[in-house]
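I have placed the structure first, in the form of structure tokens, so that the comments after it can refer back to it.
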Amino acid sequence: MADKNFESHYTDGTYISNRNIPENAIAEEYSDILKFSNCNNVTVNNCTIDGGVEDCIDAVRGENITISDCTLSPIKNGITLKGSIVNYTIENVKFIKHGTDCHMEFGQYDNYWHIGRKPTRGGIISNVSTYDNTPVVIKLWDAKLPTVTNSNIKFKKIPMIVWWPYFVFRAIQVRGIKNIFKPVKSGAFIATV
């Protein structure tokens with residue numbers, strides 16, 4: 001299956017800096033512009049990123065994700081962090097456009113979800129804003145509230161009674177009923193259709 005993202009990263013220590021992304025490409029032809037799967041110690045710094053059909057930046061599983069000094073222009077969402085991500089920092093980020101869904105989304109469903117998995121957590125948000133000074137809208141699914149400083153944030157918490165049955169249904173659909181309590185091995189990759 002062909003990758004639907006502009007760039008997909010699977011390595012620890014990925015560092016992306018001082019770029020306009022996507023350069024010489026049409027953002028709307030991609031699902032996500034930057035996709036990080038099971039990556040630790042990721043930094044995206046001083047970049048201008050146009051959104052793909054889904055996200056400017058999407059990270060699933062991993063630890064220590066830092067997004068700083070970036071300008072984002074989302075179509076749907078700017079940043080999605082899911083899959084029990086631990087410790088993330090989003091600072092000095094400006095949204096120069098409002099996405100059709102939200103600016104950021106934490107803890108949303110992914111193919112690796114299982115009953116008993118810990119939520120996305122350990123977030124720090126600082127100096128995040130929109131071009132028109134309206135609130136930055138963040139959807140929280142299976143995620144802990146981040147620590148927020150110097151940012152106008154509006155949280156939309158999706159109740160567990162809504163997301164939990166949906167996550168269970170999707171886990172059964174993707175991995176089978178026998179696997180809904182089993183974590184997926186850290187190096188495993190589940191293709192999406």
Side-chain angles (χ1 to χ4, degrees), residues 1-5 8-14 30-42 44 51-67 74 76-90 99-125 136-148 153-193:
M1 180 179 73
D3 191 345
K4 297 177 185 175
N5 304 310
S8 293
H9 298 273
Y10 308 98
T11 353
D12 290 347
T14 300
Y30 302 94
S31 182
D32 301 318
I33 298 304
L34 295 178
K35 175 82 172 193
F36 300 96
S37 297
N38 203 34
C39 297
N40 300 316
N41 306 314
V42 168
V44 179
V53 176
E54 290 292 323
D55 303 299
C56 296
I57 300 170
D58 184 330
V60 57
R61 303 189 299 169
E63 297 185 11
N64 304 320
I65 311 290
T66 300
I67 302 164
K76 184 178 178 187
N77 297 332
I79 300 169
T80 297
L81 303 177
K82 57 193 178 190
S84 195
I85 284 183
V86 184
N87 299 332
Y88 61 90
T89 301
I90 301 169
T100 58
D101 190 25
C102 58
H103 298 95
M104 295 189 273
E105 194 165 23
F106 303 149
Q108 188 200 50
Y109 174 80
D110 68 273
N111 292 339
Y112 305 89
W113 187 86
H114 65 275
I115 292 174
R117 185 176 74 180
K118 291 184 178 179
T120 295
R121 61 206 180 277
I124 297 171
I125 294 175
V136 173
V137 178
I138 299 176
K139 280 188 179 178
L140 289 174
W141 297 73
D142 186 15
K144 299 283 186 188
L145 276 172
T147 300
V148 177
I153 303 291
K154 178 180 179 182
F155 287 105
K156 288 188 174 182
K157 191 165 172 117
I158 310 301
M160 187 174 182
I161 195 166
V162 171
W163 64 257
W164 198 85
Y166 169 70
F167 284 19
V168 171
F169 169 76
R170 288 286 290 136
I172 292 169
Q173 186 180 41
V174 172
R175 299 179 51 224
I177 196 161
K178 293 188 284 186
N179 296 314
I180 62 174
F181 290 95
K182 296 178 185 174
V184 177
K185 292 179 183 174
S186 63
F189 179 74
I190 298 175
T192 56
V193 179

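Fair warning: this is a prediction, and the values are worked out from it, not measured in the lab.
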I'd like to know whether Ile67 forms a side chain to side chain contact (heavy atoms under 4.5 Å, CB included) with Thr89, so could you lay out the CA-CA distance, the side-chain angles of the two residues, the decisive distance to 0.1 Å, and finally the verdict. CA-CA 6 Å; Ile67 302 164; Thr89 301; over 6 Å; no
Identify the two heavy atoms, one from Ser84 and one from Pro119, that lie closest to each other, and give their separation to 0.1 Å. OG-O, 3.8 Å
The criterion is side chain to side chain contact (heavy atoms under 4.5 Å, CB included); which residues satisfy it with Val86, sequence neighbours excluded? Glu63, Arg121
Over all heavy atoms of both residues, which pair between Thr11 and Thr14 is shortest? Give the atoms and the distance, please. O-OG1, 2.7 Å
Kindly state each residue pair satisfying side-chain hydrogen bond (donor to acceptor under 3.5 Å, both in side chains) with at least one member in residues 163-174, sequence neighbours excluded. Arg170-Gln173
Salt bridge (charged side-chain N to carboxylate O under 4.0 Å, His left out) partners of Asp12, counting only residues at least two apart: none
What's the spacing between Phe167 CZ and Gln108 CD if we round to 0.5 Å? 7.0 Å
Evaluate the side-chain proximity of Thr66 to Val44: yes if any heavy-atom separation is below 4.5 Å, no if none is. no
Value for NZ (Lys144) from OG1 (Thr120), rounded to nearest 0.5 Å, stands at 11.0 Å
Exam field: side chain Ser8 to backbone Asn5, donor-acceptor pair closer than 3.5 Å: no
With Asp110 via salt bridge (charged side-chain N to carboxylate O under 4.0 Å, His left out) - residues at least two apart: Arg117
Check the pair Thr147, Ile125 against side chain to side chain contact (heavy atoms under 4.5 Å, CB included), reporting the backbone distance first and the verdict last. CA-CA 6 Å; Thr147 300; Ile125 294 175; over 6 Å; no
Evaluate the side chain to side chain contact (heavy atoms under 4.5 Å, CB included) criterion for residues Tyr10 and Phe36: first the C-alpha distance (whole Å), next the side-chain angles of each, then the deciding distance (0.1 Å), finally the verdict. CA-CA 6 Å; Tyr10 308 98; Phe36 300 96; over 6 Å; no
For Asn64, check side chain to side chain contact (heavy atoms under 4.5 Å, CB included) against everything at least two apart and list the hits. Asn41, Asn87
To the nearest 0.5 Å, what is the distance between SG on Cys102 and NZ on Lys154? 11.5 Å
Spacing of Asp101 atom CG and Glu54 atom CD [to the nearest 0.5 Å]: 9.0 Å
Report yes if some heavy atom in the side chain of Met104 is under 4.5 Å from a heavy atom in the side chain of Asn77; otherwise report no. no
Measure the acute angle between the ring planes of Tyr88 and Phe106, then classify it against the limits of 30° and 60° as parallel, tilted or perpendicular. tilted
Does a side chain donor of either Thr80 or Asp55 reach within less than 3.5 Å of an acceptor in the other side chain? yes
Would you mind reporting whether Leu140 and Glu105 have side-chain heavy atoms less than 4.5 Å apart? no
Non-hydrogen side-chain atoms of Ile138 and His103 separated by less than 4.5 Å: no
Side-chain touch Tyr112/Ser37, heavy atoms, less than 4.5 angstrom: no
Any Trp113 side-chain heavy atom under 4.5 Å of Ile180 side chain: no
What residues form a side chain to side chain contact (heavy atoms under 4.5 Å, CB included) with Pro183, not counting sequence neighbours? His114
Walk me through whether Lys35 and Val60 qualify under side chain to side chain contact (heavy atoms under 4.5 Å, CB included). CA-CA 8 Å; Lys35 175 82 172 193; Val60 57; 4.1 Å; yes
Could you tell me whether Lys82 and Asp142 make a salt bridge, using a distance below 4.0 angstrom between a side-chain N and a carboxylate O? no
Please report the interatomic distance CD1(Ile172) to CD1(Ile177), rounded to the nearest 0.5 Å. 4.0 Å
